[in-house]
Structure formats: C-alpha cells, structure tokens
Amino acid sequence: MLKIIGYDGEEIETMGPEEINNENYNVIWVDCYDPSDEELLQLSKNIGIEIEELKAGLDELEVPRVEEEDDYYLIVYKAPLFEEDITTTSFGIFIKDNIILTIHIDKINSLGKIYSLLKTKKPKTFLDRGKGFFLYSLLNQITISYSRIMLNLDDELDRLEEVLLKHQDQNITTEILQLRKTLVYFHKALVSNKDVLSILKRKYLPITTQDDREHIEDLYYDTLQLIDMETTYRELLVSTMDMGISLENIRMNQKMKILTMITALFALPMWITGIYGMNFKYMPLLNNPYGFWVIFGITIMSIMLVLYVFSIEKWIK
C-alpha cells in the first residue's frame, strides 16, 4: 500500500505514484507498507532505485545502518512492533533528491501517526525545514514510541510485584517472561539505533543541516537514556522473578509445615489406637470398665503435648 504526499511550501497534496518525480514540491514523502510486486516495480521505476535495494527495507532482520550510495541514502532503523506481543521490526528510509521513502513490511504506528499529523495539522511544523528535519521527526516519533512503552512497562512492573506479594500463579510467571523477552528485543534494537544516530549526528551528510544534526544528537542521548531504562527494567524483572520464586518457596514451606503438624498431631493417637486394635486376648486395661477413658485421656494428653512443643518452636502463633 502506498501513501504519497507532496509539500510545496504552503500545503500538502496527495499524489499518485506517477507524480513522484514532480520537482515542484519541496518534499515528497512516500510511505510504502507491505507493497505488492507491482508497487515495488512502480517505485523502482519512478524513483530510480533497484528493486533489490528497495527490498532491504522490507527485511525484518536487516541490521540498522546508514549507507551512502551515489545518488541516494539508505537508513535502516528499528521500530517497536505491536502484535500479540511487543517486539521490534526493521524498516528502510531512502532519501533521494526531494523524495523521502519509508518502506516496511509491518505496520508501524509511529509512521501512521506522522501521516495523520500531516493530514490534520499544518504541515509546516514537519516539512518547512527540509528533508533533514523531517528525517529527525520520523526518528523522533519512533523514539517517543519506545519511551511510552517503557513508561507502561514501569507501571506493569509495579502491578506484577503487587500481585506476586498476594499470590503467584502460572499466568504471572508467563507475563514476566514475556516482558523480559520484549526488553531483550528492545535492547538489541535501541543499541543498533544508537549506532545509526551516532553516524547521523557526527557525519556531515548533505541531507542534514547543522541544526538537524543537533536535533539528532538530542535523539542520540534520549536513546542512551532508553537503553539505561531498559537495562534497569530487565534487572528489576530478574529480581521480580527471583522474588516470586522465593515467595513460592516460602508458601510451600508453610504448607509443608502445616502438613507436618497435622501428621505429628495424629501420629501418637494413631500409634496408641493401632496397638489396641491388635487382636490379642490379653492386653492392659482390656477388661477394665474405665479402660477406654484411660486410653482416650492418654491420647488427648499426647495431642496436647505435641501442640505444646509446636508452640515452643513458634510453629503456632
């Protein structure tokens, strides 16, 4: 699917693929989501970039990097991906002349938000300062998306700790493992994005101005902060998992203690009644009219003795 808009310095207009090379526009943004073979052929023909090169932006496993070709630039970047689980995906940004092409196989919410902002608000905020600032705006929106997820993870960690203190079940353990998996994906993505931003902030590329590089440098430090947050949250998740295991062991010990107490309470009575359950002709107190009550009293006293021992050991509070 192709979304193409052109900015002429005053307003934006929606365009078709055949108008991509229109030089009357200051900036043309082409957002290409899960393109068909026909759309890739149109893009390759109208922009002048080989199909095989365009497919680099469609590979989820592409490593983030900056490539400087003869007549265009390629930036591969990592963005958060919202599916059943939160992971990351790679997408490509091609910059050639006045054209900025974003191409991706998965739906990236941050790019959709930029498109919505351009359609509903004055586009001068994003497009009036040139390609470099628009590139910064795209990358900044990706960084904001990571930040929002991190803030939500902070609240989620607090919730998991609160639930763990009350009880533990398999679902909580699964949630913790899933969050840890998400943070591992984020760590790899953010470290790779940091390397890309490091190149963009210090390398004097024709597509960026000094102001753009200063903005990108801010993004670089924001990404460093996100990496620190991710590392902290990952360590907290490990601590939460350890805490959950410790609490489960404590609960298990409490249950075993109760079972041990019950077993001990009934051990002596069962032993006494077991002896008198044997079929011997002659047994003490067998023919005594008070024999039952004597044995019953001894049984009660044995139970009281065991309870007294438990109270001394502070098993009973």
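- Cys32 places a side-chain heavy atom less than 4.5 Å from the side chain of Leu101.
- Nearest heavy-atom pair across Ile216 and Tyr136 is N-CD1, 4.1 Å.
- Once rounded to the nearest 0.5 Å, the distance linking CD1 of Ile93 with CD1 of Ile100 reads 8.0 Å.
- In this structure, Tyr185 places its OH atom where only 12 or fewer heavy-atom neighbours from other residues, nucleotides or ligands lie under 6.0 Å away.
- Looking at Met150 and Leu183, their side chains come closer than 4.5 Å, going by heavy atoms from C-beta outward.
- How far OH of Tyr221 is from CG of Leu224: 7.5 Å, rounded to the nearest 0.5 Å.
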Review point. Could you walk me through whether Val66 and Leu74 pass the side chain to side chain contact (heavy atoms under 4.5 Å, CB included) check?
Key: CA-CA 6 Å; Val66 178; Leu74 167 61; over 6 Å; no

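- For the pair Phe91/Ile142, a side-chain contact is recorded, criterion being any heavy-atom separation below 4.5 Å from C-beta on.
- Atom OG1 of Thr102 sits about 11.0 Å away from atom CG of Leu135, to the nearest 0.5 Å.
- In this model, a donor atom of one side chain and an acceptor atom of the other lie less than 3.5 Å apart for His104 and Asp31.
- With sequence neighbours left out, the side-chain contact (heavy atoms from CB on, under 4.5 Å) criterion links Gln210 to Tyr204, Arg213, Glu214.
- For the pair Val196 and Arg65, the tightest heavy-atom approach, listed with the atom from each and the gap, is CG2-N, 3.4 Å.
- The line from CG of Leu219 to OG of Ser198 is 13.0 Å long, rounded to the nearest 0.5 Å.
- The heavy-atom pair separating Tyr33 from Lys107 by the smallest distance is CE1-N, 3.3 Å.
- Under 3.5 Å, the side chains of Ser192 and Lys78 contain no donor-acceptor pair of N or O atoms.
- Remark: Leu226 CG to Leu190 CG distance equals 5.5 Å, nearest 0.5 Å.
- Aromatic pair Phe186/Tyr146: centroids less than 6.0 angstrom apart.
- Distance alone, capped at 3.5 Å, is enough to place a donor-acceptor pair between the Asn152 side chain and the Arg148 backbone.
- We find the OG1-NZ distance between Thr223 and Lys194 to be 9.5 Å, quoted to the nearest 0.5 Å.
- The shortest distance between side-chain heavy atoms of Tyr73 and Phe94 does not fall below 4.5 Å.
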